[in-house]
Amino acid sequence: MLACLLLATAVPFVAGAGTPTPQQQRMAECAAKNKGLKGDAYKDAQRTCLCGHPAAATAAVTPQQRMTRCNADASAKHLSGDARKTFMSDCLRSH
């Protein structure tokens, strides 16, 4: 616990007194972009965003991971009925 507290207080000094580093900015942008996703879908989306190579990351995605991510995206957008079916169909084809 003490180590976490010390680490948390040391981070602002390392980052330059409140100025976020480029890596911190990118992490914040990716987190905002993937808001609403949960679990593995969030982790996969973050990894893809931070990597900066979406085509390479998409190629290794299994059909089950695609379904999970598209389902999470549809839920985050609060889609239901025909709108959800259309979204899921388009999402699964594009990933």
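Model, not experiment: these values are computed from the prediction. Residue numbers count from 1 along this sequence.
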Quiz prompt | Nearest heavy atoms of Gly36 and Ala76, plus distance in Å | solution = O-CB, 3.9 Å

Quiz item: Is the count of non-hydrogen atoms from other residues, nucleotides or ligands lying under 6.0 Å from Met88 atom CE greater than 12?
Solution: yes

Quiz item: How many angstroms lie between CD in Gln46 and OG1 in Thr48, if you round to the nearest 0.5 Å?
Solution: 9.5 Å

Quiz item: Distance-only, no hydrogens or angles: does the Arg26 side chain make a donor-acceptor pair with backbone N or O of Thr21 under 3.5 Å?
Solution: no

Quiz item: Could you give the distance from CG (Asp40) to OG1 (Thr68), rounded to the nearest 0.5 Å?
Solution: 7.5 Å

Quiz prompt | Heavy-atom pair with the smallest gap, counting every atom of Leu92 and Cys70 | solution = N-SG, 3.7 Å

Self-check item: Between CZ on residue Arg69 and SG on residue Cys91, distance to nearest 0.5 Å
Solution: 7.5 Å

Practice problem: Examine distances only and state if a side-chain atom of Ser89 and a backbone atom of Lys85 form a donor-acceptor pair shorter than 3.5 Å. | Solution: no

Practice problem: State the CG-CG distance between Asp73 and Asn34, to the nearest 0.5 angstrom. | Solution: 8.5 Å

Self-check item: Any donor-acceptor N or O pair under 3.5 Å, side chains Asn71, Arg84
Solution: yes

Quiz item: To the nearest 0.5 Å, how far apart are OH in Tyr42 and SG in Cys30?
Solution: 8.5 Å

